[in-house]
Structure formats: C-alpha cells, structure tokens
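Just so it is clear: chains get the letters A, B, ... in the order the sequence lines come, proteins before strands, and each one is counted from 1.
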Amino acid sequence: MTDRWALAPAEDGGVDVAPLGPDGLPAGPVRRESDLAQAVRSRPEVTRWVWRSTPEVYPRLLATGVRVERCYDIEDAETLLLGHEGRYGEPHSAAAALARLRGGPVPPDPPQRSAEPGAQSPLFEPAGTRMPLADLLTVYAEQQRRHEKTAHLDRMRLLTAAESAGMLVAAEMNRAGLPWSTEVHRELLHDLLGERYAGGGEPRRLAELADEVSTAFGRRVRPDLPADVIKAFAQAGIKVKSTRRWEIRSLDHPAVEPLLEYKKLYRIWVAHGWSWLQDWVRDGRFRPEFLAGGTVTGRWVTNGGGALQIPKVIRRAVVADPGWRLVVADADQMEPRVLAAISRDPGLMEVAGRASDLYQSVSDRAFSGDRDQAKLAVLGAVYGQTSGDGLKNLAALRRRFPQAVAYVDEAARAGEEGRLVRTWLGRTCPPAARAGEDATEEAGIPVGEDDPDGQAWVPGYASTNSRARGRFARNFVVQGSAADWALLLLAALRRACAGLAAELVFFQHDEVIVHCPAEEADTVVRAIRDAGDLAGRLTFGDTPVRFPFTTAVVECYADAK
DNA sequence: TCTCAGGGCGCC
DNA sequence: AAAGGGCGCCCTGAGA
C-alpha cells in the first residue's frame with residue numbers, strides 16, 4: 001500500500017501539501033506549511049511524493065538531509081507521455097500541460113541552461129515555473145488517464161516511475177560527487193604532458209611532439225589543424241580524406257606516430273587537463289551534473305565536465321576516501337542480453353540465460369569460436385552495419401538467431417517508414433518530420449527527403465536519410481530498452497543502499513560506482529548482483545535472460561579493469 | 001564579439 | 001578490415 005502525497009513549493013518559501021487517494025485524486029484538503037523540508041520530514045509514512053519537477057524540489061530537500069523513498073515527476077512524465085502519443089517536441093512543462101488541458105495558449109518550454117563549472121546548486125529555476133498545487137493535481141489526474149490509454153499500461157507506469165526514480169538518483173549523485181584526487185590527477189598530467197609553460201601554451205610534451213611532426217614532414221605543421229595535416233600528407237604524396245585516427249593509423253609515414261600521440265595527449269590536455277581540474281573538482285569531489293533521461297533513447301547525459309567521457313588513463317585520479325572503497329560494477333554484454341529479452345529469440349535467450357560470456361557463446365554457435373567476429377556481428381546488427389565483413393557476419397547471425405535479427409530489422413523498417421518505434425517499456429523514438437513540417441534535425445534524428453520510390457524497405461534502394469533513420473530506430477530499441485533496464489537497476493540498487501553509508505557516485509550506461517566503507521563492500525557487491533537480475537525481471541517480465549555484472553572492489557577506479 | 005558548423009575524439 | 005548507434009566537449013574558421 002503506497003501512501004501518496006503531492007507537494008508544490010509556494011512563492012513565499014512555504015509549501016502546499018495534499019494527501020492523494022489510491023485513484024490519484026486528492027483525499028484531503030490542501031495544507032499550507034512554512035517549510036518544505038519539514039513538511040516532508042514530518043511525514044515519514046509517505047512512500048511517494050508527487051511533484052512538478054525533481055530538480056526544483058529534491059536538491060533543496062537533500063541540502064537539509066531529507067531523502068524520499070519515491071517520487072513522481074510530473075514534467076518528466078509529461079515528456080514520456082507526449083512521446084508515446086506521437087507528440088514528441090511539444091512543450092513538456094506543467095504549465096504547457098495545463099494549457100493543453102484547458103484549451104489555452106501553450107507556453108513554450110524555457111530555454112536549456114548551459115553548464116556552469118563548479119555550480120553547487122544544481123538547478124536554477126526560471127521565474128514563473130511554479131504551479132499552484134490544485135493545478136498540478138489537475139495535470140496529474142489527466143496524466144493518470146493518459147497512462148491508461150497506452151498499449152501496455154503496466155509498462156508505461158513502470159517507465160514513468162522508473163525515470164522518476166532515476167531523477168532521484170541523479171540528484172543524489174550530483175550532491176555526493178565522485179571522489180577525486182587532485183594530487184594524483186596533477187601527477188598524471190605531469191607524467192603525460194610534462195611541464196606547463198607560463199602563458200597557458202602547450203605543455204612541454206605536446207610542443208615536442210608537434211616538433212617531431214614538423215620534422216617528419218620537413219616543414220612546419222600544426223598537428224591540431226586537420227587542414228594543415230591533410231595538406232602536409234598530400235605534399236608527401238599520401239592522399240587522406242580526413243585526419244581521423246583510424247584513417248591515419250595505417251599510413252606509412254614517420255609523422256604518423258608522433259601525430260597520433262599528439263592527438264591523444266592534446267585531448268587530455270584540453271578536455272581533462274589543469275583547467276578542467278580547476279573548474280570541476282572541489283574538496284576532493286568531481287561534481288558533474290547528471291541528467292536522467294537526457295537523450296531520446298533514455299540514456300543519461302551529464303552537463304559539464306565530460307563525466308561520461310573520462311579517459312581511461314585519467315581514472316587513476318578517482319580514489320576512494322581513506323577506509324572506504326569503490327565498488328565498480330560493469331554489466332556484462334548488456335546490449336545483446338537486452339536484445340535477447342526484447343526479441344524473445346529462443347537461441348539468444350538460451351545463451352543470455354547463462355552468466356558466462358555471451359559473445360563467446362554466440363561465437364561457438366555461429367562463428368566457429370571466433371569471439372571478435374561474433375561481437376562485431378552482434379554490434380553490427382544493433383548499430384545497422386552497412387558494409388564490410390560485418391554484413392557477412394550478420395548473415396551468419398541471422399541464420400542462428402533469426403528472431404533477434406528480425407526484431408531490429410523490423411525496427412529499422414518502421415523508422416524508415418516514419419512509424420513510431422518504442423522501447424520495451426514504451427519510451428518512444430520521435431518519428432521523422434513529415435513533408436511540410438520543420439525540416440531541421442531535432443535531437444539528432446535524421447530528416448529529409450526520401451527517394452520517390454524509397455518508401456518500401458529495400459536494402460540499397462532507400463534514400464540516405466531514410467536509411468539513417470532506420471539505423472537510428474534499429475539502435476533505439478536496443479539502446480533504449482537497455483536504458484529502461486538500467487533505470488530499474490539504479491532504483492533497486494538505491495533501495496538496497498538506503499540503510500547503508502554507501503552512496504551511488506557514478507553511472508555510465510552499463511556501469512555503476514558505489515563509494516562505501518570497506519566493511520560494506522561485500523554487501524554492496526551482492527546488492528548490485530541482486531539488483532541486476534531484479535531489474536531484468538521487473539523490466540522484461542518472465543524472461544530467462546540474466547544480467548550479470550563484473551564487479552571490483554578497489555581504492556582506485558583505474559584498478560577495476 | 002558573438003554564434004554556428006564541422007572536424008575530431010573521449011566514453012558507452 | 002571497416003567506419004554503424006548514442007552522447008559532450010574542445011578546437012578552428014566563417015559569417016553576422
């Protein structure tokens with residue numbers, strides 16, 4: 001039995017609260033109280049708080065040490081419901097939802113904030129976003145009705161609940177921060193890049209590598225300018241279309257080695273160097289801002305600090321507090337396991353029903369034991385590979401796991417034809433803009449003209465854009481359903497850690513880090529394993545597919561691999 | 001001085 | 001060997 005209440009911060013710093021009945025309608029009068037945190041703290045029996053926006057409310061609660069068990073984020077649910085209804089892109093604010101309900105003019109969403117280094121208070125809420133509790137409850141009641149119109153009511157409810165849970169986790173992670181050793185990071189930078197020169201120019205090692213590149217070409221070349229590098233290769237008689245690593249790598253020229261080394265170190269210098277350290281690390285914590293559900297697929301993003309792109313060498317600087325440990329847990333072959341669960345392919349479910357290396361099992365069945373080929377084939381199927389060995393491997397995969405490949409093929413076909421494509425729980429991929437609509441790309445969805453005869457799905461005949469939409473949709477069902485599962489994983493793990501000192505401090509698609517006292521580490525490892533399989537059952541229902549983790553208990557993130 | 005697109009690369 | 005999906009962030013150069 002859940003005890004649901006709703007709350008809405010008021011203009012004067014107080015808060016309105018109201019109890020809700022099992023039907024989601026108010027079960028008592030609205031009460032005005034003077035203090036938000038006190039209003040929540042004094043009602044420990046409440047298991048779910050309904051509110052407009054987690055970023056509006058929860059950081060303020062956390063700042064006073066108040067945690068909640070569950071929430072329902074109305075604006076987040078609005079985004080998911082709009083997407084499910086095929087109305088992706090309509091304003092998702094509670095004010096917009098209310099206006100649609102009442103037939104008034106719909107206000108556009110406020111513009112996105114930009115990242116601000118070191119910002120302690122996670123969100124600045126623009127004026128005018130607050131909504132009286134009575135109006136909020138009107139929107140909430142309508143959302144409950146809209147849930148009931150979806151094809152899988154229980155899944156859609158699970159999706160909005162899971163993403164609300166994700167927003168709680170994100171807020172808590174933003175507050176906790178990732179333990180970070182400035183000292184180790186500085187040593188690392190010095191070892192890799194050498195001394196910094198006054199004036200902010202390139203550090204010593206980069207300057208040396210730039211000189212080596214120039215020497216190899218026999219003239220001054222700026223390795224950070226692609227046009228300059230392409231010209232230099234051309235003068236040496238080597239034609240390259242770009243200076244991308246994979247294209248340069250195999251060239252036979254003395255500039256290649258220092259050039260690639262320069263690119264690698266340059267990246268560290270500009271993206272994770274001394275100025276990054278200055279901007280993003282305070283008091284032994286790196287505090288990125290995690291945004292749950294920041295992408296159309298449901299994957300999270302971070303705002304500022306590049307938290308999801310920390311180069312492996314820099315992970316040396318992620319160090320647990322004295323007496324504490326990092327429990328680093330990586331889901332094993334998450335995407336093919338998710339494909340097994342959503343496609344119900346008998347063969348793939350069978351191999352995904354074991355905790356052992358899935359790629360090895362696939363290769364034993366379809367690729368004569370060549371694990372690399374099996375992995376490429378699976379990823380090719382998920383990503384929409386169009387050429388090369390991948391296609392041949394895909395054919396082998398299709399023979400042994402026809403239902404799995406058919407599942408992503410069908411998603412691709414739907415995407416090309418502009419039909420709605422959904423994850424397992426019902427997160428919806430925005431369809432391509434139709435003719436006459438705004439033809440700008442939105443959220444990375446390829447749009448544009450189709451070939452006149454490109455409506456039928458015929459490999460090699462669809463237009464470039466339509467094929468790109470197909471690849472997008474193909475990947476969406478797997479990546480997005482994996483994100484569905486990951487939300488349930490986080491929710492379960494958060495629950496398991498509730499009575500411990502352990503804190504979730506990092507999440508990257510299929511990997512979590514928990515920071516905990518050394519004596520809690522074994523408990524946390526078990527909690528993660530349990531949460532993985534529990535999330536699998538909650539997300540995909542009755543399925544034999546397992547979701548095992550590789551876990552490591554370490555003092556330093558870099559030691560986890 | 002500003003924004004924007006493209007190139008490039010880090011992570012999954 | 002070839003170059004598919006999702007992101008964020010940094011640079012540069014072009015154009016307003």
Exercise for the section: Answer yes if the ring centres of A/W180 and A/Y557 are under 6.0 angstrom apart, and no otherwise. Expected result: no
Completion exercise
Taking C/dA1, B/dG10, B/dC12 as options, the one with an atom nearest any side-chain atom of A/L376 is C/dA1
Fill in the blank from the handout: Side-chain atoms of A/W246 come closest, of C/dG6, C/dA3, B/dG10, to C/dA3
Practice task
May I ask you to evaluate whether A/K375 reaches the phosphate of C/dG4, defined as a side-chain N or O under 4.0 Å from OP1 or OP2?
Solution key: no
Problem - Side chain of A/K312 (C-beta onward), nearest among B/dC11, B/dG8, C/dC7 - result: B/dC11
Completion exercise
When rounded to whole Å, the CG to P distance for the pair A/L260 and B/dG10 reads 10 Å
Exercise for the section: Classify the angle between the aromatic ring planes of A/H509 and A/F507 as parallel (below 30°), tilted (30 to 60°) or perpendicular (above 60°). Expected result: perpendicular
Practice task
Using atom CZ of A/F286 as one end and atom C1' of C/dC9 as the other, report the distance to the nearest whole Å.
Solution key: 12 Å
Practice task
May I ask you to check whether A/F217 and A/H253 place their ring centres under 6.0 Å from each other?
Solution key: yes
Exercise for the section: Please tell me which of A/W276 and A/E247 maps to the more 5' nucleotide of DNA chain C, matching each residue to the nucleotide holding its nearest heavy atom. Expected result: A/E247
Handout entry: Base C/dC10 to side chain A/R267, donor-acceptor N/O within 3.5 Å cut-off
Key = no
Exercise for the section: Validate the cation-pi geometry between A/R287 and A/W280: distance from NZ or CZ to the six-membered ring centre under 6.0 Å, angle to the ring axis within 45°. Expected result: no
Practice task
Classify the nucleic acid contact of A/F476 as base, sugar-phosphate or nothing, counting any heavy atom under 4.0 Å across all strands shown.
Solution key: nothing
Problem - Nearest-Å distance for atom pair CH2/P, residues A/W269 and B/dG10 - result: 16 Å
Exercise for the section: May I ask you to verify if any side-chain N or O of A/R245 is less than 4.0 angstrom from the OP1 or OP2 atom of B/dC9? Expected result: no
Practice task
Find the distance A/L291:CG to C/dG6:P and express it as a whole number of Å.
Solution key: 19 Å
Handout entry: From C/dG6, C/dT12, C/dG4, nucleotide with atom closest to A/R471 side chain
Key = C/dG4
Problem - Per A/K263 side chain, nearest of listed nucleotides C/dG6, B/dG8, C/dC9 - result: B/dG8
Practice task
Output the single nucleotide from C/dC9, C/dA3, B/dC12 whose closest atom is nearest the side chain of A/R315.
Solution key: B/dC12
Exercise for the section: For the side chain of A/N475, starting at C-beta, report the closest nucleotide among C/dG6, C/dG8, B/dG8. Expected result: C/dG6
Problem - Glycosidic class, syn or anti, of B/dG6 using a 90° window around 0 - result: anti
Practice task
Measure from CH2 on A/W300 to P on C/dG8 and round the result to the nearest Å.
Solution key: 15 Å
Fill in the blank from the handout: Of the listed C/dG6, C/dA3, B/dC12, the closest approach to the A/Q508 side chain comes from B/dC12
Problem - Which nucleotide in C/dT12, C/dG6, B/dG10 has an atom nearest any side-chain atom of A/L225 - result: C/dT12
Practice task
Figure out the CD1/P separation between A/I230 and C/dG13, and round it to whole Å.
Solution key: 13 Å
Exercise for the section: Name the nucleic acid region contacted by A/R244, choosing base, sugar-phosphate or nothing; use a 4.0 angstrom heavy-atom cut-off, strictly under. Expected result: sugar-phosphate
Practice task
Could you tell me whether a side-chain N or O of A/S481 sits under 3.5 Å from a main-chain N or O of A/W424, the two making a donor and an acceptor?
Solution key: yes
Completion exercise
A/R299 CZ to C/dG8 P, in whole Å, measures 12 Å
Exercise for the section: May I ask whether A/Y383 stacks on the base of C/dG5, given the cut-offs of 5.5 Å between ring centres and 30° between planes? Expected result: yes
Exercise for the section: Once you apply the 3.5 Å cut-off to both distances, tell me the Watson-Crick or G-U wobble partner of B/dG6, or none. Expected result: C/dC11
Handout entry: Length of the NZ-C1' vector between A/K241 and B/dG8, whole Å
Key = 16 Å
Completion exercise
With the side chain defined as heavy atoms from C-beta on, A/V296 is closest, among C/dC7, B/dC9, B/dC11, to C/dC7
Problem - Side-chain donor or acceptor of A/D73 paired with backbone N/O of A/S164 under 3.5 Å - result: no
Handout entry: Touch class at under 4.0 angstrom, heavy-atom based, for A/I268 against every strand present
Key = nothing
Exercise for the section: Determine the minimum heavy-atom distance between A/E555 and A/L326, stating which atoms define it. Expected result: O-CD1, 3.9 Å
Practice task
Please check the phosphate of B/dG7 (OP1 and OP2 only) for any side-chain N or O of A/S242 closer than 4.0 Å.
Solution key: no
